[in-house]
Amino acid sequence: MASIVRSFIQSVLKFVNSLIGMVGMAMILYALWMLRVWERHIDDHPFVPASDAPVPWFIYTFLGIGVTLCAITCSGHMAAETANGCCLYFYMLFVIVLLMLEAAMTVDVFLNHNWEEDFPVDPTGNFKEFKKFIKSNFEICKWIGLSIVSIQGLSLLLAMVLKALGPHRYYDSDDNYDSSRLPLLRNPVHPPPHVVADTMYLKSGNAWSPRINDKVGPHNLILSCALWQ
């Protein structure tokens with residue numbers, strides 16, 4: 001029963017990690033698209049040297065968050081597949097740190113009215129467009145954000161349950177078997193005893209048997225066979 005529950009939790013944890021990985025891949029694709037647009041904008045202004053071009057920090061931050069989510073997804077898949085305690089500890093640590101950063105950013109946005117001053121100026125303008133998109137679709141973005149946070153919390157809970165169940169137990173030796181199987185091992189079935197005879201003696205006995213059969217009758221034949229055995 002425990003193995004069935006463990007396998008079910010492993011499957012659910014993999015599915016939840018797949019959702020987190022899909023979010024990370026979407027962020028990576030969006031960041032690459034923004035980076036491509038920014039490079040085209042730089043190419044349209046050839047008089048500006050590349051060294052003096054401003055750094056698109058918002059694009060790199062978006063890309064880094066997507067890569068981080070994909071890395072957490074990979075670690076979660078490995079932890080779910082192996083159910084190893086060390087892997088599960090690292091995975092839970094990554095998810096807890098991510099949730100703490102998200103919580104700190106959310107508190108800063110809702111409590112600090114001048115939260116935009118905490119970030120440097122974005123030369124690409126994508127940060128302002130992203131902020132306008134969130135304001136115009138606040139309800140949808142709010143439910144999407146709550147869903148992502150809920151998925152991360154669920155993955156953390158599943159990892160804790162899987163850690164409590166422990167890894168699969170493989171019985172490599174007789175000492176590790178279940179106690180219900182021990183009586184069968186304590187009373188093993190011994191093979192029947194056998195007699196090792198000399199081959200030369202058997203060959204000579206087989207050679208004499210026709211002569212004995214010719215000289216003795218049926219009753220003596222049975223007695224002689226018993227003596228040979």
Side-chain angles (χ1 to χ4, degrees), residues 9-39 41-42 53-112 115-135 137-138 140-163:
I9 293 176
Q10 286 176 327
S11 301
V12 176
L13 183 56
K14 291 179 182 178
F15 176 73
V16 173
N17 273 285
S18 299
L19 297 178
I20 298 176
M22 291 174 62
V23 175
M25 292 177 64
M27 295 182 69
I28 291 174
L29 293 176
Y30 182 62
L32 293 177
W33 177 78
M34 289 190 297
L35 188 61
R36 181 60 179 170
V37 173
W38 172 248
E39 289 179 353
H41 177 73
I42 294 297
V55 178
W57 64 268
F58 178 73
I59 299 176
Y60 290 147
T61 303
F62 218 80
L63 182 62
I65 294 174
V67 173
T68 302
L69 290 177
C70 291
I72 292 175
T73 301
C74 294
S75 64
H77 272 74
M78 289 187 294
E81 181 66 26
T82 60
N84 184 269
C86 184
C87 295
L88 288 171
Y89 275 131
F90 277 108
Y91 174 69
M92 289 188 289
L93 178 62
F94 293 153
V95 176
I96 289 173
V97 171
L98 182 62
L99 288 173
M100 291 177 63
L101 291 176
E102 292 175 353
M105 186 178 297
T106 304
V107 170
D108 184 52
V109 170
F110 281 96
L111 298 181
N112 186 11
W115 61 271
E116 297 182 10
E117 298 179 358
D118 297 336
F119 300 96
V121 179
D122 181 30
T124 62
N126 292 318
F127 180 66
K128 292 182 179 179
E129 294 180 0
F130 186 73
K131 183 177 66 176
K132 290 179 181 179
F133 177 79
I134 292 178
K135 287 183 178 180
N137 303 278
F138 181 74
I140 299 176
C141 294
K142 180 181 71 174
W143 288 111
I144 291 175
L146 290 176
S147 300
I148 294 173
V149 174
S150 301
I151 289 172
Q152 293 172 358
L154 180 60
S155 64
L156 179 61
L157 179 62
L158 291 173
M160 293 174 65
V161 174
L162 187 60
K163 177 64 180 66

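Given the structure is predicted, the values throughout are model-derived calculations rather than measurements. Numbering starts at 1 and runs along the sequence shown.
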Quick one: pull up OG in Ser18 and CD1 in Ile151 and give me the separation to the nearest 0.5 Å. 10.5 Å
So does Asp108 get a backbone contact from the side chain of Asn112, meaning a donor-acceptor N/O pair under 3.5 Å? no
With distance as the sole test, does Trp57 use its side chain to make a donor-acceptor pair with the main-chain N or O of Pro123 at under 3.5 Å? no
Does Val161 reach the side chain of Leu13, with side-chain heavy atoms less than 4.5 Å apart? no
Is there side-chain contact between Asn126 and Trp38, with heavy atoms separated by less than 4.5 Å? no
Are Gln152 and Leu98 packed together at the side-chain level, in the sense that at least one heavy-atom pair is separated by less than 4.5 angstrom? yes
For the residue pair Tyr30 and Phe130, categorise the inter-ring angle as parallel (less than 30°), tilted (30 to 60°) or perpendicular (more than 60°). tilted
Heavy-atom distance under 4.5 Å between the side chains of Tyr89 and Lys163, does that happen here? yes
Do the side chains of Ser75 and Phe94 get nearer than 4.5 Å, heavy atoms only? yes
With a 4.5 Å cut-off on side-chain heavy atoms, are Arg36 and Glu39 touching? yes
Could you check whether any side-chain heavy atom of Met22 comes within less than 4.5 Å of a side-chain heavy atom of Leu19, counting everything from C-beta outward? yes
For Val121 and Phe127, run side-chain contact (heavy atoms from CB on, under 4.5 Å): C-alpha distance rounded to whole Å, both residues' side-chain angles, the deciding distance at 0.1 Å, then the answer. CA-CA 9 Å; Val121 179; Phe127 180 66; over 6 Å; no
